[in-house]
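Comments concern the structure below.
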Amino acid sequence: MNTVSGSTLVGGGPIHVLATVEERAIMTDGTAPVRVRFAPSPTGFLHIGGVRTALFNWLFARHHGGQFILRLEDTDEKRFVAGAANDIVASLRWVGLNWDEGHDVGGPHAPYIQSQRHELGIYQAHVEYLLKTGWAYKSFVTPEAIEEMKTAAMARGVKSFRFRGPERDWSLEQMAAEEAKGTPYTVRLKVPTDGVTEFHDLVRGGEEISIENDTLYDIVLLKSSGMPVYHLAHLVDDHLMEMTHIIRGEEWVPSTPYHIILYHAFGWRLPIFAHVPNILRQDGRGKLSKRKDDVATNRFWERGYLPEALRNYLALQGWSYDDRTEMMTLDELIERFTIDRVQASPARWNPDKLLDMNGKYIRMLAPDELAARLLPFLSRAELIGDPPTADERAYVRQLVPLVHERLKELSEAPDLLVCFLREIEPPAADLLIQKKMDADGTRAALEAAAARLEAVEPWDRAILEETLRVLAEALGLKTGQLFGTIRVAATGSKVSPPLDETLEVLGRARALQRIRAATAVL
RNA sequence: GCCCCCAUAGUCUAGCGGCCUAGGACGUCACCCUUUCAAGGUGAAGAUCGCGGGUUCGAAUCCCGCUGGGGGUACCA
């Protein structure tokens, strides 16, 4: 029996082809610690769908009082992107997830980065075992040759080509001889050619998912570079790291049979599988893609989304609690999240819903908190300093009530508040002139308003409103007409927070100066 | 092509044989509130539960077929 990194390589226990119903129950009844993982590949920014899968794993672990592990699967040398790991970590933390074990926090099963585990020889040792037991073989056929075999087979009328290496029946000696010649090779799994492979899925419930082995092929386990492929590496690590449940995207369902066969080959007990539904694009045509959709998690912050809103929305992509509860705190999600309520059918990305939820979360924020979250956006728009001065902070805090229930994205704040933080150009005459009014009437109204506002005491929104209402009546104007004109004059825009509050926060001097400047335009 | 999975309004979903004249949310529309925009309130439209067969006294709920959608089909994960 080989021992690798302190873990038993191959157990001598019984082969569990399927975890029994009883075992599945035991593994989630709290008597056995639940251990799940999120294992992203550092090939770019973290996809929003990845966050959803991570969230489900995390909620599952927390719900059952188990452990959540982060593992980096960087066995693809070609697609590796420097810095991606940092982005993934930052994105996960941003939405509020933490992990009990991982490359950055350590843990009893370190290392948690596959390239490092590869260097330790972990995968190679496991492959040796498969080779020795006849579950794998070295294949010297080149990719080009396989391609030729495929076209030839198709030409012969074979409906689907399943590659099985001619070396399947070679002896270890034959393989060694070929290897000695220096011929490059891959190691492939010797997949049974008959019978069926079946497994149970927590999300799909009901019957076992069953696949005819003759529709499978001999997958590569070790690339010619010696680097393991996902199918081998993730499985060895999941076993060594003692995962009890594998919660992953449904795109893995088709390759699960290979994994079952591998577990069988190693004589390991199966973990429990739960394939969570994909998130489809808005139009339903395919799953969200990095190329076509705005799915970079790290972009949601700058787009003005609150992590709690994104997290809540994501929790509802493929999972629901009941027929009406949608807004849930982290603790509520943990308490309520169970796999049996995860949907088997794909969800669809719905930006409108996310936006609505974000608005709701913004409205739930305490004013001080919203002010704090708004500062970076205002700084980025260069409306305040970076970092902001104490005066700027205080002023922004004053502005919060004006936009609090009007924001759906924090990123909208600069546009809404620019007129308070910057001087404005005098507005165009046609903007100032309200319905059923003309230039003369508008000028007269603004002049009268300026006169009244000059004298108002104190400069308080209730007084301001009352003053202007009285004025409107005196001028024979509708409140909407007078307020509209002053609004444009004071803010440069037809849309603004309520005029009384706007004037109050603007201050008498600036308000009057702007109204007078506008009057001059007419 | 082959294999696998899925199927309730435009979208997300509740429903797990009778509580359903199918509930909630987003979106849409109308009205109310109102100084604009939001927010909030009220209400409406929108689903013959994809289609066709069964099982059953009874089916959105169970079974089969079809259709449709999605996923997979790499020395990527």
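Residue numbering restarts at 1 for every chain, and letters A, B, ... go by the order of the sequence lines.
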Starting from [atom2] on [N], measure out to [atom1] on [X] and report it in whole angstrom.
X: A/Asp322; N: B/U13; atom1: CG; atom2: C1'; answer: 10 Å
X: A/Leu402; N: B/U36; atom1: CG; atom2: P; answer: 16 Å
X: A/Arg164; N: B/U73; atom1: CZ; atom2: C1'; answer: 14 Å
X: A/His275; N: B/G72; atom1: NE2; atom2: P; answer: 12 Å
X: A/Glu73; N: B/A77; atom1: CD; atom2: C1'; answer: 8 Å
X: A/His234; N: B/C76; atom1: NE2; atom2: P; answer: 16 Å
X: A/Leu316; N: B/A25; atom1: CG; atom2: P; answer: 13 Å

Within residues 354-366 of chain A or reaching into it, pairs that qualify as side-chain hydrogen bond (donor to acceptor under 3.5 Å, both in side chains) - sequence neighbours excluded: A/Asn312-A/Tyr361, A/Asp356-A/Lys360
Under a 4.0 Å N-O cut-off, is there an ion pair linking A/Arg303 with A/Glu409? no
Below 4.0 Å: OP1/OP2 of [N] and any side-chain N or O of [X]:
X: A/Lys360; N: B/C26; result: yes
X: A/Gln343; N: B/A14; result: yes
X: A/Lys287; N: B/G72; result: yes

Determine whether A/Lys287 and A/Glu250 satisfy the following criterion, salt bridge (charged side-chain N to carboxylate O under 4.0 Å, His left out), listing intermediate values before the conclusion. CA-CA 11 Å; A/Lys287 50 180 182 174; A/Glu250 67 175 325; over 6 Å; no
Could you check which of [options] has an atom nearest any side-chain atom of [X]?
X: A/Arg341; options: B/G27, B/G15, B/A25; result: B/G15
X: A/Asn350; options: B/U73, B/G71, B/C26; result: B/C26
X: A/Ser224; options: B/G70, B/G71, B/C75; result: B/C75
X: A/Thr75; options: B/U35, B/A77, B/C75; result: B/A77
X: A/Arg162; options: B/G27, B/G40, B/U73; result: B/U73
X: A/Trp252; options: B/U36, B/A77, B/C26; result: B/A77
X: A/Arg469; options: B/C26, B/U34, B/A14; result: B/U34
X: A/Glu405; options: B/A38, B/U35, B/A77; result: B/A38
X: A/Glu465; options: B/U35, B/A77, B/C76; result: B/U35

Taking the [atom1] atom of each, how far is [N] from [M], in whole Å?
N: B/C66; M: B/U28; atom1: P; value: 41 Å
N: B/C12; M: B/U48; atom1: P; value: 16 Å
N: B/G10; M: B/C2; atom1: P; value: 31 Å
N: B/U56; M: B/U13; atom1: P; value: 34 Å
N: B/A9; M: B/A44; atom1: C1'; value: 14 Å
N: B/C31; M: B/A14; atom1: P; value: 34 Å
N: B/U55; M: B/U61; atom1: P; value: 15 Å

Could A/Arg336 and A/Tyr321 be counted as a cation-pi pair, given that NZ or CZ must be under 6.0 Å from the ring centre and within 45° of the axis? yes
Going by side chain to side chain donor-acceptor pair (under 3.5 Å), A/Ser115 matches just one of A/Thr75, A/Asp74, A/Asp76. Which one? A/Asp74
Taking the ring of A/Tyr258 and the ring of A/Trp252, is the distance between their centroids below 6.0 Å? no
Indicate, with yes or no, if the rings of A/Phe163 and A/Tyr217 have centres closer together than 6.0 Å. no
Would a distance-only check, ignoring hydrogens and angles, find a side-chain to backbone donor-acceptor pair under 3.5 Å from A/Thr502 to A/Pro497? yes
Does any donor-acceptor pair link the side chain of A/Arg348 with the base of B/C12 at a separation under 3.5 Å? no
Can you check whether any acceptor in the base of B/C37 is under 3.5 Å from a donor in the side chain of A/Arg406, or vice versa? yes
Which parts of residues 136-160 of chain A get close to RNA chain B, meaning a heavy atom less than 4.0 angstrom away? A/Pro143, A/Lys159, A/Ser160
Contact nearer the 5' end of RNA chain B, comparing A/Gln114 with A/Arg204: A/Arg204
